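Worksheet for the structure shown next.
Computed from a predicted structure; not experimentally measured. Values below: all heavy atoms of this structure, side chains included; hydrogens, waters and symmetry mates excluded.
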Amino acid sequence: MSTPQPPTRLTLLESVRRGGASTRGDLGQVTGLSRSVVAQVVSELVAEGLLVERRISGPVRRGRPTSRVQLAPQQGFAAGIDVSHRHIAVMLSELDGEVVRDQEIDFDVDVDSSATFRMARRLLGDAIARAGLRGRRLVAAGVSLPFPVVGADRVVAPVGYVPGWDGARPHDLLRLEPGTLLVVDNDADAGAWGELMQDDTARSLLFVKVGEGLGSALAVGGQVFGGAHHMAGEIGHVLVPGSRLPCRCGGVGCLDAVVTRAVDPAASAEEIDAAGAALGGVLAQLASFVDPDVVVLGGSVGSDPGPFAERIAAGYNALASRIHHAPLRAAVLGRRSELQGALDRALCQAWNALASPSAYALAR
């Protein structure tokens, strides 16, 4: 039998990681791989110390006893770091996904990228110490940022309205230990990934974060779709007819400006109603175009339903009922969608690296 190529190993390992524990038969159904390929790859990964098989207790049946395939315990751990406009949060987990530490501090992120990453590094170190993980290897870290992130080297795009961040390079600024994998995403992309991992029924979703700003992302086929320039799904600068509010991009009447005004404590009921109707209508039209399984409302507005969330839902349902059927729901993870998504992205990178024989040898 020929040796399975790395994508096959990664597909099977990722299926186990996302599903927790599975039988060989389950893995065949989920991945579409043949029984013989599943048997060969599972045996290889068990021999390499990446998977374990545990016999299922119960009545003995004819044939081979059924066993569950699970991730094998590893020495390393992973981290998720969520950098929002007003806070920095860190979440640590074992490589099987068990969270061991979750902490957050208030911080004015918009002032300067260097100061932000110094604080993030300090918070990460404190979390590692408090979790008793010093001396163990941080295999991978995921970072969620409230700005567009572009290019293969994941540089913050020059948006212009936050000068201290234009062109910032998280890989250089965070300064992790050599060999630590780092994956950097826009916060909406991270939030979409976090929600995707929580919903077994959704292979595609439209995620919108509403709170300290407005961001959105699209997941298709079980993966977040970035587009040619990593800007897919962004709706912040869709024009709202009749609005003359100045936007931080330099334009006038952008949806981001309308929504940002509505989340201000001083916003009037009329401003909240207008913003909710505008955002709900845009989401309904976008959902009609991409046809997702679900539309997810995240951020502080999604995690703490109030008049604004209700008005968004009303605006969405008024149009959605006529053109499509994707339901609108609040984020399962609440305001933790981005942080959990960043952590899960790190876990994905960690296991992808461990699944490569050369990378695994180095990790050991």
Legend entry - Under the salt bridge (Lys or Arg N to Asp or Glu O under 4.0 Å) test, residues paired with Arg329 that sit two or more places apart: Glu195, Asp199
Legend entry - Short N-O contact, Arg136 and Glu94, less than 4.0 angstrom: yes
Inset, instruction - Quick one: closest heavy-atom pair of Asp256 and Leu214, and the distance? - result: OD1-N, 3.3 Å
Inset, instruction - Rounded to the nearest 0.5 Å, what's the gap from CG on Leu181 to CG on Leu176? Could you check? - result: 10.0 Å
Legend entry - Partner residues of Asp187 under the side chain to side chain donor-acceptor pair (under 3.5 Å) criterion, sequence neighbours left out: Lys209
Inset, instruction - Would you kindly confirm whether Leu205 and Tyr316 end up in one hydrophobic cluster when ILVMFWY residues are joined by side chain heavy atoms under 4.5 Å apart? - result: no
Legend entry - Steps toward side-chain contact (heavy atoms from CB on, under 4.5 Å) verdict (Val290, Leu218): CA-CA 9 Å; Val290 300; Leu218 178 65; 3.9 Å; yes
Legend entry - Beyond-backbone contact of Arg261 with Asp264, side-chain heavy atoms, under 4.5 angstrom: yes
Legend entry - Check: Ser300 main-chain N/O paired with Asp304 side-chain donor or acceptor under 3.5 Å: no
Legend entry - Pair Arg86 + Asp106, salt bridge at N-O below 4.0 Å: no
Inset, instruction - Could you tell me the separation between the OG1 atom of Thr8 and the CD atom of Gln40, rounded to the nearest 0.5 Å? - result: 9.5 Å
Inset, instruction - Determine, using the 4.5 Å side-chain heavy-atom cutoff (strictly less than), whether Val294 and Leu328 are members of one ILVMFWY cluster. - result: no
Inset, instruction - Report yes or no: do Val183 and Ile81 belong to one cluster of Ile/Leu/Val/Met/Phe/Trp/Tyr joined by side chain heavy-atom distances under 4.5 Å? - result: no
Inset, instruction - Evaluate side-chain contact (heavy atoms from CB on, under 4.5 Å) for Val210 paired with Leu297, printing each intermediate quantity in order. - result: CA-CA 7 Å; Val210 186; Leu297 184 61; 3.7 Å; yes
Inset, instruction - Have a look at Asp344 and tell me which of Arg17, Gln349, Gln198, Arg18 forms a side chain to side chain donor-acceptor pair (under 3.5 Å) with it. - result: Arg17
Inset, instruction - May I ask you to decide whether Glu177 forms a salt bridge with Arg137, counting only side-chain N to carboxylate O separations under 4.0 Å? - result: no
Legend entry - SB check Asp185 Arg154 (cutoff 4.0 Å): yes
Inset, instruction - Kindly compute the distance separating CG (Leu206) from CD1 (Ile235), expressed to the nearest 0.5 Å. - result: 7.0 Å
Legend entry - Evaluation steps, side-chain contact (heavy atoms from CB on, under 4.5 Å), between Glu338 and Phe207: CA-CA 11 Å; Glu338 297 79 26; Phe207 176 83; 3.4 Å; yes
Inset, instruction - Check step by step if ring-ring contact (aromatic ring centres under 6.0 Å, His included) holds for Phe225 and Trp193. - result: CA-CA 10 Å; Phe225 178 69; Trp193 186 270; over 10 Å; no
Legend entry - Phe308 versus Ala262, closest heavy-atom pair with distance: CZ-CB, 3.8 Å
Inset, instruction - Mind listing the closest non-hydrogen atom pair of Leu319 and Gly281 along with its distance? - result: CD2-O, 3.7 Å
Inset, instruction - Answer with yes or no whether the hydrophobic clustering places Leu27 together with Val37; edges join I, L, V, M, F, W, Y residues whose side-chain heavy atoms lie under 4.5 Å apart. - result: yes
Inset, instruction - Locate the shortest heavy-atom distance separating Asn186 from Pro146; write the atom from each residue and the value. - result: ND2-C, 4.4 Å
Legend entry - Main-chain N/O of Leu71 paired to Trp351 side chain as donor or acceptor, under 3.5 Å: no
Inset, instruction - Report the distance from atom CD1 of Ile128 to atom CZ of Arg101, rounding to the nearest 0.5 Å. - result: 11.5 Å
Legend entry - Lys/Arg-Asp/Glu bridge criterion (N-O < 4.0 Å) met for Arg122, Asp126: no
Legend entry - Side-chain heavy atoms of Arg335 within contact of Glu104, under 4.5 Å: yes
Inset, instruction - Would you mind checking if Glu48 and Arg9 are paired as a salt bridge, meaning a charged N to carboxylate O distance below 4.0 Å? - result: yes
Inset, instruction - Check whether any side-chain N or O of Arg121 sits under 3.5 Å from a backbone N or O of Leu173 as a donor-acceptor pair, and report yes or no. - result: yes
Legend entry - Non-hydrogen atoms of Ala131 and Leu92 that approach each other most closely: CB-CD1, 4.2 Å
Legend entry - Phe107 and His85: CA distance, side-chain angles, deciding distance, ring-ring contact (aromatic ring centres under 6.0 Å, His included) verdict: CA-CA 8 Å; Phe107 193 81; His85 288 288; over 10 Å; no
Inset, instruction - Check Cys247, Ser243, Pro246 against Cys254 for a side chain to side chain contact (heavy atoms under 4.5 Å, CB included) and give me the one that passes. - result: Cys247
Inset, instruction - Please name the residue in the list Asp96, Leu51, Thr31 that meets the side chain to side chain contact (heavy atoms under 4.5 Å, CB included) test with Val16. - result: Leu51
Legend entry - Same apolar cluster (I L V M F W Y, side chains within < 4.5 Å links), Leu138/Phe117: yes
Inset, instruction - Taking all non-hydrogen atoms of both residues into account, name the closest pair between Ser67 and Arg55 and its distance. - result: OG-CA, 3.7 Å
Inset, instruction - Applying side-chain contact (heavy atoms from CB on, under 4.5 Å), run through Leu123 and Ile105 and close with a yes or a no. - result: CA-CA 8 Å; Leu123 183 64; Ile105 59 169; 4.0 Å; yes
Legend entry - Whether Thr180 side chain and Val139 backbone form a donor-acceptor pair below 3.5 Å: no
Legend entry - Criterion side chain to side chain contact (heavy atoms under 4.5 Å, CB included) against Val143, the qualifying member of Val149, Leu182, Asp82: Leu182
Inset, instruction - Find the distance between OG (Ser84) and CG (Leu145) and round it off to the nearest 0.5 Å. - result: 10.0 Å
Legend entry - From Leu343 atom CG to Cys348 atom SG, the distance as rounded to the nearest 0.5 Å: 11.5 Å
Inset, instruction - Decide, yes or no, whether a salt bridge links Asp293 with Arg203 under the criterion of side-chain N to carboxylate O below 4.0 Å. - result: no
